[in-house]
Amino acid sequence: MTSRYQGIIHRYRQRLPVAPDGPVVTLGEGDTPLIELIHLPRRIGRDVRIFCKFEGLNPTGSFKDRGMTLAVTKALEAEARAIICASTGNTSAAAAAYAARAGIACFVLIPEGKIALGKLSQAMMHGAAVIQIRGNFDDGMRLVQEVAQDLPVTIVNSVNPYRLQGQKTASFEIIEALGGAPDYHALPVGNAGNITAHWIGYSEAAGKMTKACALCAGDCAYLAAPFADSRPVMLGYQAAGAAPFLRGAFVDHPDTVATAIRIGHPVSWEQAWTASKESGGWFAEVTDAEILEAQKLLAGTEGIFCEPASAASVAGLLKDLERNTIRPGATVVCTLTGHGLKDPDTAIAQSTPPVTVDAERKAIERIIRSHSES
Ligand code: F0G
């Protein structure tokens, strides 16, 4: 009996659509920390407990790994030789890594000039065929669906239902860590797969049907052994320049500093609406300035470095707390979807630049003294 953690499929096999003993493509994803914010609630003077599920600590630095282990395991099961995705960066990084591990080919379509540097370097290092398109994510998504109809490539975007099945495991971990579901769960929303996946996970854990699940169609075996009494209210936060859920319609030219969620035509549109409505939740929007402020706040006061899109969950929550739409005394989980190192350019651009001095003791002392005086 080994206690070595071996990823979400190994951990939750009974609750996932996988063969009981088939081969698994894993990098040990999941089991990410749930970090309680200690400074922020005090600073804003609200009676609330805020936990951050730091998904940036997955093997490729984002929550996508949870979905990718399942999607690639199932692709191998079906004897696929190649996978394909459109991506704002993180999906391409995860797809490239898991394809490398599985020994199959990987094609990624990314919007030219609009993906963060860390993500691009990952897809390249893992040996994916990186195709930059003169268009945005939504164009890439359409193209991927078109070519997959005629060519032998398996789509690993979240239209692939196994992606959501893998991603639902984050809810299981949260319930286990808190001893029950939180009152609210806040997520950044782009293509809208993750909010859907979390709602599926919470619903299954509570033994409750959800119409958001494409696989279960009402007679789901996973509802049989509930381990939570309740489900959270789902809060979906979008960047104001890419907020189709706020507009009530697709957006053709999305734009935001949070390039990960620069999406105007989310593929899980219906499912995310269902998740939001069934949970009694809502969508709200945050500006780029609010996103970056929340990112800095998390990094500077809590020691947690997430990427801009991830900070939308905290930015949105802060706004809702201000509006008094969150019940006093509530427990809230914010998903921090990706690591800050993914996007060093945005981080550096908004930080105080380093000072440069001669390599002399006096120069260093002067700086330390002026700091302690200020
Ligand atoms: N946060 C990050 C860091 C992301 O990379 C994404 C999506 C989201 C949030 C939104 O999640 O799409 O499930 O609503 N990134 C995709 C990609 C689109 O290609 O990496 P969602």
Side-chain angles (χ1 to χ4, degrees), residues 52-58 60-68 71 84-97 108-111 114-116 118-120 122-123 128 130 133 136-141 144 155-160 163-164 166-168 170 186-201 212 234-239 242-245 254 256-269 271-273 275-276 283 286 291 294-295 305-316 334-343 346:
C52 285
K53 181 72 170 159
F54 195 13
E55 290 287 279
L57 291 183
N58 275 295
T60 77
S62 87
F63 70 95
K64 305 286 181 178
D65 296 342
R66 291 181 188 272
M68 210 52 77
I84 189 167
C85 66
S87 183
T88 55
N90 281 324
T91 301
S92 65
V108 305
L109 274 69
I110 54 168
K114 292 290 183 185
I115 97 163
K119 305 173 188 182
L120 181 61
Q122 288 178 290
V130 179
I133 58 166
N136 61 26
F137 169 86
D138 301 308
D139 297 317
M141 197 61 245
V144 159
I155 300 180
V156 294
N157 282 106
S158 54
V159 285
N160 179 332
R163 275 276 312 278
L164 301 193
Q167 286 169 214
K168 77 182 182 185
L187 289 132
V189 174
N191 215 18
N194 211 23
I195 192 167
T196 306
H198 277 76
W199 182 242
I200 293 171
M234 302 301 291
L235 309 176
Y237 296 120
Q238 297 219 278
F245 287 97
T256 167
V257 69
T259 51
I261 51 173
R262 188 172 167 271
I263 294 172
H265 292 230
V267 297
S268 296
W269 175 253
Q271 298 93 308
W273 275 118
S276 181
F283 295 100
V286 284
I291 288 173
Q295 188 195 16
F305 187 21
C306 67
E307 66 171 286
S310 311
S313 62
V314 171
C334 294
T335 298
L336 301 181
T337 44
H339 202 287
L341 290 172
K342 292 271 192 176
D343 190 353
T346 305

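In each ligand, atom 1 is the first atom listed, and ligand 1 is the first ligand listed.
- Side-chain atoms of Q295 come within 3.5 Å of backbone N or O of C306 as a donor-acceptor pair.
- D65 is linked by a side-chain hydrogen bond (donor to acceptor under 3.5 Å, both in side chains) to T60, counting only residues two or more places apart in sequence or in another chain.
- Side-chain N or O atoms of N136 include one that pairs as donor or acceptor with a backbone N or O of D138 at under 3.5 Å.
- If you look at ligand 1, the protein residues with a non-hydrogen atom under 4.0 Å away are F63, K64, S87, T88, G89, N90, T91, P188, V189, G190, N191, A192, G193, N194, A260, I261, I263, E307, A309, T337.
- In this pair, F245 and F283 present their aromatic rings parallel. The plane angle is below 30°, not in the 30 to 60° band.
- The backbone N or O of G338 sits less than 3.5 Å from a side-chain atom of S310, completing a donor-acceptor pair.
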Ring pair (Phe, Tyr, Trp, His ring centres under 6.0 Å) for F137 and H265? Distances and angles first, verdict last.
CA-CA 9 Å; F137 169 86; H265 292 230; over 10 Å; no
